[in-house]
Structure formats: structure tokens, C-alpha cells
Amino acid sequence: MKKRIEELVHENIRQMKPYVPGLQPQGDGWIKLNTNELPFPPPPSVGEAISAEMERLARYPNPTSAPLREAIAGIHGIEASQVIIGNGSDDILNLLARAFGGFGRTTSETFPSYSLYPVVTAIAGGSIESIPFGEDFSLPVEALLDKPSDLLFLTCPNAPTGVRFPLKDLRALAEGLDGLLVIDEAYVEFATSSALPLLRDFENVVLTRTFSKAYGLAGLRVGYAMAASPVIEILDRIRDSYNVNRLSQAGALAALAAQPVYDEYVWKIQATRQQVHDFLVTKEWDIYPSEANFLFAEPVSSEGERGPEVAADLYQWLEQRKILVRTFPKHPLTASRLRISIGSSSEMDRFMKEITTWQKGA
């Protein structure tokens, strides 16, 4: 008798839980504040660069994304050999798990954090150790160093809180860790500083970044990592030969050339983030200090109540009015809070208006 399909699958794949993306609604009229996307369109030059590549689709793209690597290296003052391009930064995280984690290796993460880390670890055949944050979400450096890891995933600014960790704490972690420290900087453009200086001093530090957030190119799927050249060489061994398509490479290059436009977009998001933060504070919501393009906030009901039930009620109330936010109900530190992406000024005005109505008990 032939084996069932489930019996043919590797045990690690059979037992893993897949990553669940944020809800992508169908139809018009939705305000999407649930997936941290940029609410502004790319500048015309990005579309023009993509269109110019259409007649070349019969040809393979540059296999290493060499022009994009060189452009990124020039911006950050490093060598092109220290850069790798991926099909989104998730592709890079997957490569890191396969090369440095997996079977027989120890992988760690802070928790709560980006829920893809356990997924890429499981795909690689490993298990992940979760080191919990305290309520203030300060970086638990000593606890992380007490759990030796071959590979440590760390989001900075943190998701889902938006909290940025001090560079001195990241440096202490890099100094004390024998394994590879992966600092996921998906939201760094919205922050006041980066961990980039650590690349000069530590071969075991990898920074991952994405064009999906501040550059608004989530639909193109482009990300990159910066690290010591030997680390990049190892990742190059196992990536797909043509892992980033021709259109995506062209769009990302054009986005880098249009940096002043994106700087203005980031400024708008930061200003709107502060406006919404101040508004919610007047409503007595509790909010973590965010350096990302979202806020992580605990709502307060019209009766002054807080908790998971209040957060769930508000989520449903907003969804009925075609406004999507994100909930994280499975952990005590996150269950009573909502993650609210910062949209355009008009979108956030509508959000704040609905919050006022909800909190009045309407």
C-alpha cells in the first residue's frame, strides 16, 4: 500500500505552522492599516524604469542583481561584496536559516517578534528558542547571551511594538554572541538611527532591509542584507540563480535614485504618526514609543476598560466600517493591543474620527 502524502513529507514540515499574512480585503473602500504598507504611490520614474524593461522579459535578469548591489553599497559606504539582494527580505531570512540554522543548530529570537522567524527555522529543519521581552520591551541582553545561539533573529525597530533598541545594547549582544546576529531593519527608515556602524566591527552581524515599507514597493518583492563578505558569499551559494526578477531590480534601482521623494514620504509618516499618537494619548490609550510606521496601542473603552476583549471588540467595530488594523491575541503582552499602520492624513483622520465615535459608546 502506498504511503499517504502526509507520510512522505519531512517531519519538520508536517509539524510546522505556516506564516499567516495580514488580511488583504477584496473590493473598494477599505482603509488598510494592518500590513504596514506605504500609503503613497511610487514616483513616476519608478514606473518608467519598470516599463522600460518590459521588452526585455524574454531575457533572464542579472543573476546577482549586481547594479542594485553596487548602488546599495555606495549609499551605505560598504563594498558590493557585502550586499545580497533577495525576493523580499523574507527570502534573505530564509537563506540565513538554511545556511546558519536548521538541523542540529540552535536558533533564537526575541518574543513577541516577527512571526516568520519560527517558520523559516522550521523549514530549515530546526527549532527556535524564544526569549521573552518584559513589559517595557527593553532588549534582554543578558537573557539572550545566557542562551547560546548559532543564529539569533532580532527586529529593530521591534515588531509589533515599534520600539528601537539602543545601539549600545545591540553592540553588547554582538560582542557576547558566538553565533550570527541578524538585525532585521525592515522599519529603519522611520527610525532615528541604524545598527549600520556594527558592520565595521563585527563579522557576525547581518542587517536585513526591505523595499516594501519606506519605499512602497511591497508588490515588487525586493529586500537585501548587508554583512561581512564571507557571510554574503555563503548566502550566494544557496540562493536561487535568478532570485530577483528584471522588473523588480529596475524598480528598486529607480527608487534609490528618487530618494528625495521617499524622504518626504517618510517625513509625512513620522509627522502623522506623532499626530495619531498624541490623539490616542488624549483618549488615555497606552502606547509604546514607536520608531516604525505603526503604533502599538492599548485601547480604552467608553467605560474605562482595557484588555483583550476591548481590543477584540474595537477590531471588529473598525472592520465593520472597512478599517483594518492588526491584532495579536495569543500572547499576554500583545493580546490587549492593536497594531495600527500609519496611513495617509485622510485615512488617519477617518480612523481618529471612528475612534472618537467608538469611545463615546456609539
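A donor-acceptor pair under 3.5 Å links the side-chain atoms of R321 to the main chain of W317, judged by distance alone. The backbone N or O of L177 sits less than 3.5 Å from a side-chain atom of N204, completing a donor-acceptor pair.
For the residue pair S194/E185, the side-chain donor-acceptor check at 3.5 Å is satisfied. Under the 3.5 Å distance criterion, with hydrogens and angles disregarded, a donor-acceptor pair is assigned to the side chains of T192 and E291. Between the side chains of T155 and Y117, at least one donor-acceptor pair of N or O atoms lies under 3.5 Å.
Taking the side chain as every heavy atom from C-beta outward, L95 and V120 never approach each other to under 4.5 Å. Within the 4.5 Å cutoff, side-chain heavy atoms of F202 are placed close to those of R171.
Checked against the 6.0 Å centroid criterion, the rings of Y262 and Y265 qualify as a close aromatic pair. Residues F137 and F165 place their aromatic rings such that the two centres sit no closer than 6.0 Å.
Taking 4.0 Å as the cut-off between side-chain N and carboxylate O, D169 and R164 do not count as a salt-bridged pair. A salt bridge is defined here as a Lys NZ or Arg NE, NH1 or NH2 lying under 4.0 Å from an Asp or Glu carboxylate O, and D91 with R239 fails to meet this definition.
Atom NE2 of H331 has more than 12 heavy atoms from other residues, nucleotides or ligands within 6.0 Å.
Both tests pass for K268 against the ring of F40: distance under 6.0 Å to the centre and angle within 45° of the axis.
Relative orientation of the Y224 and F211 rings is tilted, given thresholds of 30° and 60° on the angle between their planes.
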